[in-house]
2 protein chains.
Amino acid sequence: MAVADRFEQFATAILPSGLSSSAHARFRSLARHVEAAAGDAPLDYMEHDQIVFVARGATKLVARASLDREQIVAFHFADDLVSLPARGRHSYSLVALQESEFLAFSASEFLNSAQQESGVANEILRRSLVSLSRCREKSIILGRKTAQERLASFLTTMADRIGTPRETQCVIDLPMSRRDIADSLGLTIETVSRQFTILRDQKLLETSGRSIVTITNIAALENRAGHLPAAA
Amino acid sequence: MAVADRFEQFATAILPSGLSSSAHARFRSLARHVEAAAGDAPLDYMEHDQIVFVARGATKLVARASLDREQIVAFHFADDLVSLPARGRHSYSLVALQESEFLAFSASEFLNSAQQESGVANEILRRSLVSLSRCREKSIILGRKTAQERLASFLTTMADRIGTPRETQCVIDLPMSRRDIADSLGLTIETVSRQFTILRDQKLLETSGRSIVTITNIAALENRAGHLPAAA
DNA sequence: CGCTTAATTGAGGTTAATCAAACACTGTGG
DNA sequence: CCACAGTGTTTGATTAACCTCAATTAAGCG
């Protein structure tokens with residue numbers, strides 16, 4: 001797909017419909033189109049903070065805690081916006097999980113322009129608060145949940161975000177490996193694998209190949225996630 | 001201190017200096033002044049999302065993961081702004097760690113008004129991104145660090161935020177209990193206590209009473225936090 | 001000074017990590 | 001289309017870190 005179409009996709013997702021064409025053009029001039037194959041981290045080593053629109057594909061935002069430990073801070077999919085810090089005390093990188101396309105902006109330039117257009121600033125803020133909210137949920141998972149609860153939480157979240165509902169079931173084609181899941185949940189691949197086995201044995205889900213997960217009992221899986229009942 | 005002074009404090013911290021007096025007045029009309037004693041959660045059971053300015057005191061933002069497990073998602077101190085969600089799948093509450101004063105806003109009303117005033121929206125966005133960044137760092141700690149690294153990270157962070165530097169040392173008067181520290185770091189009070197003992201025995205810090213911690217070797221403590229060297 | 005609560009210390013148990021090996025998927029070449 | 005190679009995943013045995021339970025000590029406060 002052409003770059004112009006990618007920008008239009010961005011505009012539809014992020015910019016308010018009534019935005020002036022000059023503002024529209026300004027954002028367009030700030031956007032850099034970036035393509036990435038699976039495994040690429042095309043925005044590494046940026047000197048300044050970036051704001052990245054995921055036009056197509058799937059990504060992980062990875063923090064390297066030490067040479068042999070990494071933590072995945074968030075996954076992002078098409079139409080998501082990612083705030084990518086320049087490398088500070090922990091180094092972050094945005095890695096494509098599959099062939100992907102991005103529109104990358106310098107955060108300061110982008111926010112400057114957004115500031116003039118209240119609708120844009122508002123949308124960015126709204127999305128930042130969603131990211132914050134997701135990150136808080138992740139903190140709860142990482143701080144206070146068992147391996148089984150972590151995997152169940154992960155799967156129900158992914159079902160919401162990228163699953164395709166099928167009657168009472170939900171099919172997820174996971175773009176990330178077991179290692180990625182482990183690095184997201186603060187576990188090892190072995191533990192993730194064992195928990196998959198347990199959930200499979202208990203008929204809460206089925207797997208087929210490496211990436212397809214079919215949740216056969218959504219309610220039971222949500223129970224395993226250990227969330228409080230909404231009215232608790 | 002009078003409510004009016006608290007609002008002025010808020011205006012100084014958050015609102016841009018050139019803000020029109022009508023906008024100033026609008027924010028003032030949206031603000032609810034709330035006082036809390038240590039242990040209070042005066043904003044619990046709110047129906048809608050809140051934005052809370054901490055005028056004085058210290059708070060913990062707590063998520064209840066289940067009846068007997070809680071995770072502290074963030075600490076906030078004077079002049080901080082907290083985004084407090086209405087109770088959803090996990091229930092959050094903002095608890096005062098000491099006698100505190102807040103200005104509370106309905107998030108939707110506040111953001112509506114902020115949207116008209118680009119400077120305000122920008123400041124809120126800036127602060128939200130700081131919160132997001134802190135939360136990401138917390139995810140790294142919770143997902144991939146040992147008990148010792150967690151406590152060292154916590155202490156260096158608190159030294160930055162509320163510590164008072166003294167030559168080569170840094171004195172912190174912690175407003176939170178060992179339980180709070182444990183609930184923030186995803187550990188138990190016993191483990192936190194043991195890690196304090198180790199760091200004390202190794203002469204990286206001294207403690208006096210329950211709340212005073214003097215970091216005597218800042219560099220060594222930062223090493224223990226397991227951060228990557230900045231240029232790694 | 002004594003009471004109450006928080007913090008520390010100790011012993012033993014549990015969960016998940018580590019180390020190691022077998023197996024299965026996916027893609028390639030015959 | 002099948003066999004093979006290479007990698008990713010699963011399974012198993014052992015170990016280590018942290019948790020749990022229990023007891024002791026210290027801090028704060030009337």
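No experiment lies behind these values; they were computed from the predicted model shown. In what follows, chains are A, B, ... by sequence order, proteins preceding strands, each numbered from 1.
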Taking for each residue the nucleotide of DNA chain C bearing the nearest heavy atom, is the 5' side occupied by G209(A) or by L187(A)? L187(A)
Using five base pairs at each end to define the local axes, how bent is the helix from dC1(C)-dG30(D) to dG30(C)-dC1(D), to the nearest 10°?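 Taking five pairs per end, the axes differ by 40°.
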Start and end of chain A contact along DNA chain D [non-hydrogen atoms, under 4.0 Å]: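 On DNA chain D, the outermost contacted nucleotides are dT7(D) to dA13(D).
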Restricting to side chain to side chain donor-acceptor pair (under 3.5 Å), what partner residues turn up for T197(B), sequence neighbours left out? none
List in chain and number order the residues that pass side chain to side chain donor-acceptor pair (under 3.5 Å) with D79(A), two or more places apart in sequence or in another chain; answer none if no residue qualifies.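 Partners of D79(A) by the side chain to side chain donor-acceptor pair (under 3.5 Å) criterion, ordered by chain and then number, come out as Q9(A).
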Under the side-chain contact (heavy atoms from CB on, under 4.5 Å) rule, collect the residues that match up with [X], sequence neighbours excluded.
X	value
L43(B)	R32(B), V34(B), M46(B), V52(B), L84(B), L94(B), A104(B)
R178(A)	I181(A), I189(A), V192(A), F196(A)
A78(A)	none

Let me know the distance between CZ of R144(A) and P of dT15(C), rounded to the nearest Å. 16 Å
Listing time: all N or O pairs from protein to nucleotides 6-9 of chain C that are below 3.5 Å?
from: dA6(C); atom 1: O4'; to: R210(B); atom 2: NH2; distance (Å): 3.3
from: dA7(C); atom 1: OP1; to: R178(B); atom 2: N; distance (Å): 3.2
from: dA7(C); atom 1: OP2; to: R178(B); atom 2: N; distance (Å): 3.4
from: dT8(C); atom 1: OP1; to: R178(B); atom 2: NH2; distance (Å): 3.2
from: dT8(C); atom 1: OP1; to: R200(B); atom 2: NH2; distance (Å): 3.3
from: dT8(C); atom 1: OP2; to: R178(B); atom 2: NE; distance (Å): 2.9
from: dT8(C); atom 1: OP2; to: S193(B); atom 2: OG; distance (Å): 2.9
from: dT8(C); atom 1: O5'; to: S193(B); atom 2: OG; distance (Å): 2.8
from: dT9(C); atom 1: OP2; to: T197(B); atom 2: OG1; distance (Å): 2.3

Establish, yes or no, whether a centroid distance under 6.0 Å links the rings of F105(B) and F10(B).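 For F105(B) and F10(B), the ring centres are under 6.0 Å apart.
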What pairs with [X] under salt bridge (Lys or Arg N to Asp or Glu O under 4.0 Å), at least two apart in sequence or on another chain?
X	result
R126(A)	E123(A)
E99(A)	R56(A)
R210(A)	none
D80(B)	R161(B)

